[in-house]
Amino acid sequence: MDIKIATWNINSVRLRINLVERLIAEESPDVLCLQEIKCINDAFPLKALKAAGYEHIAVHGQKGYHGVATLSRIPFKKVDSMNFCEKGDCRHLATDLDMPGGMRVHNFYVPAGGDEPDPEINPKFAHKLAFVREMTRLYDGHRTKSQNRMVLVGDLNIAPLEHDVWSHKQLLKVVSHTPVEVALMNELIASHDWVDVMRRFVPDNEKLYSWWSYRAKDWLAADRGRRLDHIWVTPALADTPVSMTVRKDARGWERASDHAPVVATLRL
DNA sequence: ATGGTCGACTTTCGA
């Protein structure tokens with residue numbers, strides 16, 4: 001069987017519900033992970049998304065900021081969310097899919113980290129680094145069987161490779177591509193042997209982005225993007241990815257999010 | 001040259 005998983009930082013799900021519906025109509029993913037829903041659970045557009053074919057919806061929202069939701073055509077066996085950095089922010093959902101062999105889907109919204117790339121003077125950057133460190137310790141020690149087949153997606157707010165940004169040199173001191181956070185992300189990847197699914201399909205020496213700033217006069221012409229969104233799988237699923245698409249066209253839709261959806265299909 | 005644009009508990013903050 002194939003399972004199609006999509007991740008999208010929607011930047012207000014209420015404002016862009018029509019764009020979510022459009023992506024669903026065009027891609028029909030089995031699982032859709034949203035970040036920055038920016039609403040409390042009660043304000044989440046549950047009815048519209050159920051009508052779009054998602055009977056199983058986990059929402060972890062808060063007022064105004066952050067918030068994640070995982071929509072699925074496959075039932076959940078279990079839904080968890082971890083509280084990182086004891087902040088109470090809604091930045092994570094883990095859903096166990098009820099399917100042969102099982103599969104756990106982690107949906108993450110990592111703190112952006114503010115502007116100043118010095119944790120000594122910027123508490124937001126310190127929070128980001130602490131958050132990624134906590135992710136590294138997510139499965140210290142033994143994993144359970146349900147933690148064997150895992151997918152981790154989301155807006156991780158870090159572009160680790162040279163060609164994950166439009167200018168490696170010019171972004172070395174820009175939060176999202178600084179050596180300290182890239183090193184932490186690499187530790188996180190190594191800690192669970194995560195496989196970078198996007199880079200399975202696009203070589204490391206080719207530019208690959210999922211986010212383009214709102215501030216550019218012409219985002220498409222300037223093409224000063226960064227790869228902040230990711231799809232990773234554990235080694236048990238390393239041989240399953242058969243396709244991956246960054247829906248860059250969605251960045252050009254009317255009243256778009258600044259992030260493009262990333263879609264991958266796993267063949268089980 | 002140190003901006004620019006979004007969305008939200010908008011007159012400010014987070015991204």
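Throughout, a chain's letter reflects where its sequence line sits, starting with A, and its residues are numbered from 1.
- Note on A:Glu55 versus A:Lys50: no salt bridge recorded, every NZ/NE/NH1/NH2 to OD/OE distance being 4.0 Å or above.
- Taking the six-membered ring for Trp and the full ring otherwise, A:His60 and A:His92 have centroids separated by 6.0 Å or more.
- Cation-pi contact between A:Arg73 and A:Tyr54: present, with separation from the ring centre below 6.0 Å and deviation from the ring axis of at most 45°.
- Here A:Arg16 lies in heavy-atom contact (under 4.0 Å) with sugar-phosphate atoms only.
- Atom CH2 of A:Trp219 is separated from atom P of B:dG3 by 25 Å (rounded to the nearest Å).
- DNA chain B is contacted by both A:Ala216 and A:Ser12; A:Ala216 maps to the nucleotide lying nearer its 5′ end (nearest heavy atom per residue).
- Between the A:Gln35 side chain and the A:Asn9 main chain, a donor and an acceptor come within less than 3.5 Å of each other.
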One character per nucleotide, please: for nucleotides 9-15 of chain B, 5' to 3', B when the base has a protein heavy atom closer than 4.0 Å, S when only the sugar-phosphate does, - otherwise.
B----SB
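- Distance noted for atom P between B:dC6 and B:dA1: 25 Å (whole Å).
- Protein atom CD1 of A:Ile40 is 13 Å distant from nucleotide atom P of B:dA8, rounded to whole Å.
- Look at A:Lys207 and A:Asp164 and you find no salt bridge, because none of the NZ, NE, NH1 or NH2 atoms lies under 4.0 Å from a carboxylate O.
- Distance noted for atom P between B:dA8 and B:dG4: 22 Å (whole Å).
- Classification of A:Arg215 and A:Asp258 as a salt-bridged pair fails, no side-chain N sitting under 4.0 Å from a carboxylate O.
- Rounded to an integer number of Å, the gap from CG of A:Asp218 to P of B:dG4 is 17 Å.
- Remark: the separation of the P atoms in B:dC9 and B:dT5 is 22 Å, to the nearest Å.
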